[in-house]
Protein chains: 2
Amino acid sequence: MTARRARRTRRVTLRDVAAAARVDPSAVSRVVNNDPRVSVSEATRQRILEKVAQLGYRPNVGARGLRTSKTWTIGFVLPSLGNPMYEPIVRGVETEAHERGYGIVLGSQIEGRSPGTFASLLQEGRVDGLLVASSSLHDDFIRDIIEHGPGPVVPVNRRVEGVKSCVVVNDEAASAKAVHYLAGLGHELIGGIFGPSEIDTAIRRKKGFLEAVAEASVSSVGVDRPGWTAEHGYTAARQILRDAPEVTAIYASTLLMGLGVLRAAAEEGRAVPSSLSVICLHDNPAVSAYLVPPLTTVRLPTEEMGRRAVQLLIERAEGGPERAIMIEGDGEILERASSGPAPTSR
Amino acid sequence: MTARRARRTRRVTLRDVAAAARVDPSAVSRVVNNDPRVSVSEATRQRILEKVAQLGYRPNVGARGLRTSKTWTIGFVLPSLGNPMYEPIVRGVETEAHERGYGIVLGSQIEGRSPGTFASLLQEGRVDGLLVASSSLHDDFIRDIIEHGPGPVVPVNRRVEGVKSCVVVNDEAASAKAVHYLAGLGHELIGGIFGPSEIDTAIRRKKGFLEAVAEASVSSVGVDRPGWTAEHGYTAARQILRDAPEVTAIYASTLLMGLGVLRAAAEEGRAVPSSLSVICLHDNPAVSAYLVPPLTTVRLPTEEMGRRAVQLLIERAEGGPERAIMIEGDGEILERASSGPAPTSR
DNA sequence: CTGGATCTTTCAAACGGTTGACCTCACCCG
DNA sequence: CGGGTGAGGTCAACCGTTTGAAAGATCCAG
């Protein structure tokens, strides 16, 4: 009769290691954690480390967390993952967290999920703190989470009224840069498509756009939308192209919106870029470079934003002060085929 | 002097509730968990529940997990989130997990992260099981995780040789359906673009494609690529269009690849769909509907795949048997503007 | 009024680590 | 030779829950 494979290798505990190395569990714990307060001879240290490696011991985070009240886990609330601009943020968050020994638990913002859902991540001791990257949650919702969650909460890529901590990029400057770029190409009437008018991120983008328009002495026609998707970009662009067909360029607040603009242009018979230039904020080269035509974008340091957000959150979890971080830089224009000189007026 | 806001509301514990309700902590525990083995008078039950609500008590998952060796958390390994086709899977996984009281911890597959990284989620007792949705990890890599992780691991959207458990959709049938659809439009030479030739998912899609090509008595020219991105689709399509310009339709294995095909077509001067039809597997309407032209796709029940995967994993974590699940259905063709009748030969 | 039987409640031992305090030597110095 | 010192290690309590078992309370029949 063949030996049945063991049902499941039991997890290796501190005690197992201690027994194998013939020392007290506390000694193992101190070696594993490099506790400087208690000395262990080099010989036993080696013996312990050897057994740790040999048995493949890994401390149980739950038990450790119980004692130290640290879970080594960060909660990350974000909207639909379908938006390609979240990819670099997630990568930044994941990488930084991983490097510092933290895990990430996902809190997708799925239709109609209440603030309590996210606050309970904190209440249940599942996470040490919460990152909120959703740019479509209402401020109240986020304040509600903060109110009921016993732990730090840091908004990412947006600010929330009354909440000091946050990590953002300079959306305002980037939007302005896009406008100046277009103005530099000779465009004199520029369409602008913005997000939900009550959300900080949308407000800052719009502000940067409008100020630059004034500064560059060009004209503009702007439209707000209650979301950031391709559909929002599409309907907004249709509206602009119908109401003000003289526009020769359109600025969109997000990559997906830019997608919608391209389609609207095609449907309205506007060739891009000869008759209409299109530019948008936030790049994801895996997508934007393969559109027809490839989309000109303003790249912002979003991966860094993710990393810094994790840093700030950990800092706060360890008792650090509230801070607002704006990552410097006005972005980099990635010029692709969707933008070009304004058509010479006839 | 104004009162300083409390530094942080301490977490409410079982003992706090017990003290408030003047009962033993164990009574609270049993009420909270509806333990049927021990009875509690209706009066005290009410008193306890009242205090629970009043204090906002939520059991600490870490402590509970320590005792019960269940973390109520599932690990989810997936590649870059930039791929819009993962969105529905993630949504399915997240929703189902949430409904069953589980949390999701993310394990992004970031360049050069070793199997150990993922296995340690299990070893550290962070999760009860692991879902692996990456269609670009090598089989060995996944077997390695399974080998070292003390807990169930379920591949999603792919099968792994030697691993029975998995959840997939019928990629083969869906690919075949795409081919028959094109054949039905009169296309007689169809290009096929596939993923990494050693990955099960790519193999099944290719198989379905080739069998349908034979069945429909049309010809084909196929290309394998070592990944699934727009760039892979782009280079593959260029190659096909150059080597076999007579093709009148191209099938791409993923949405992003389809994107690349559209761009290649534009660059080669092939109008879509009048001179070249394009279709791809897996839909994400937030993207595909806004391309120029909107992309015809085959939609598969990927959200359900995510849900079923969670179900199977939980089942396995509770001691259930290994099972392979294929979600029925050959997909639904979402006909958009990128496909049409074959150009009539001159 | 007494002795189960039954219902309600409490006790205490885990789970796997961490950590302040304590113990035991050997060694050194005056 | 006594005592101080420091290195090397162990003890035991604790973190917040769960859960088998025991203890108390209540009730009913004899």
Side-chain angles (χ1 to χ4, degrees), chain A residues 10-49 51-52 55-73 101 120 122-126 128 150, chain B residues 10-49 51-52 55-73 101 120 122-126 128 150:
Chain A
R10 201 174 60 80
R11 256 170 205 129
V12 180
T13 77
L14 194 60
R15 274 171 235 287
D16 297 334
V17 178
R22 317 210 134 274
V23 292
D24 189 84
S26 64
V28 180
S29 170
R30 300 200 217 256
V31 166
V32 169
N33 298 321
N34 281 315
D35 185 333
R37 279 184 305 276
V38 170
S39 49
V40 174
S41 74
E42 196 49 32
T44 40
R45 157 183 301 275
Q46 287 309 329
R47 191 150 34 91
I48 289 172
L49 289 177
K51 291 300 177 188
V52 163
L55 299 177
Y57 167 70
R58 316 240 38 194
N60 178 309
V61 268
R64 174 181 277 180
L66 191 53
R67 185 66 230 259
T68 60
S69 44
K70 268 197 75 165
T71 62
W72 294 96
T73 306
S120 55
L122 244 13
Q123 293 167 338
E124 293 172 351
R126 223 185 246 287
D128 292 336
Chain B
R10 202 175 59 80
R11 255 169 205 128
V12 180
T13 78
L14 195 60
R15 273 174 238 286
D16 297 334
V17 178
R22 317 211 132 274
V23 292
D24 189 84
S26 63
V28 180
S29 170
R30 300 199 218 255
V31 166
V32 169
N33 298 322
N34 280 315
D35 185 333
R37 280 184 306 275
V38 171
S39 51
V40 173
S41 73
E42 196 48 32
T44 42
R45 157 183 300 276
Q46 286 310 328
R47 191 150 33 92
I48 290 172
L49 288 176
K51 291 300 177 189
V52 163
L55 299 177
Y57 167 69
R58 315 241 37 195
N60 178 309
V61 265
R64 172 180 280 178
L66 189 53
R67 186 64 231 260
T68 60
S69 45
K70 267 198 75 164
T71 62
W72 294 96
T73 307
S120 54
L122 245 12
Q123 293 167 339
E124 292 173 351
R126 224 185 246 288
D128 292 335

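Owing to the predicted nature of the structure, the values given are computational and were not obtained by experimental measurement. Chain identifiers are assigned alphabetically (A, B, ...) following the order of the sequence lines, protein sequences preceding nucleic acid strands; residue numbering begins at 1 within each chain.
When every heavy atom of B:Arg64 is checked against every heavy atom of B:Trp72, the shortest pair comes out as CD-NE1, 4.2 Å. Of all non-hydrogen atoms in A:Arg11 and B:Pro150, the two that sit nearest each other are NH2-O, 3.6 Å. Listed here is the closest heavy atom pair of A:Asp128 and A:Leu122: C-CD1, 4.1 Å.
Between the CZ atom of A:Arg45 and the C1' atom of D:dG9 there is a distance of 14 Å, given to the nearest Å.
Toward the 5′ end of DNA chain C lies the nearest nucleotide of B:Arg22, the other residue of the pair B:Arg22 and B:Leu66 mapping further downstream. Of the residues near DNA chain D, B:Ala63 and B:Asp35, the one whose nearest nucleotide (by heavy atom distance) lies more toward the 5' end is B:Ala63.
If you check every strand for non-hydrogen atoms under 4.0 Å, A:Ser41 touches sugar and phosphate atoms only. Residue A:Val28 is out of contact with every strand shown, counting any heavy-atom pair closer than 4.0 Å. Among the heavy atoms of the strands, none lies under 4.0 Å from B:Ser69. At a threshold of 4.0 angstrom between heavy atoms, the contacts of B:Thr13 are confined to the sugar-phosphate backbone, with no base atom among them.
Evaluation of atom-type donor-acceptor distances gives no pair under 3.5 Å for the side chain of B:Arg64 against the base of D:dT17. Looking at B:Arg30, its side chain has no donor and acceptor atom pair within 3.5 Å of the base of C:dT9.
Phosphate contact (OP1/OP2 of D:dG9, side-chain N/O of A:Ser39, threshold under 4.0 Å): absent. Of the side-chain N and O atoms in B:Arg37, one or more sit less than 4.0 angstrom from OP1 or OP2 of D:dG20. The phosphate of C:dT18 has neither OP1 nor OP2 within less than 4.0 Å of any side-chain N or O from A:Thr68. Side-chain N/O atoms of A:Asn60 include none lying less than 4.0 angstrom from OP1 or OP2 on C:dC15.
Remark: side-chain polar atoms of B:Asn33 are not paired, donor with acceptor, to backbone N or O of B:Arg30 under 3.5 angstrom.
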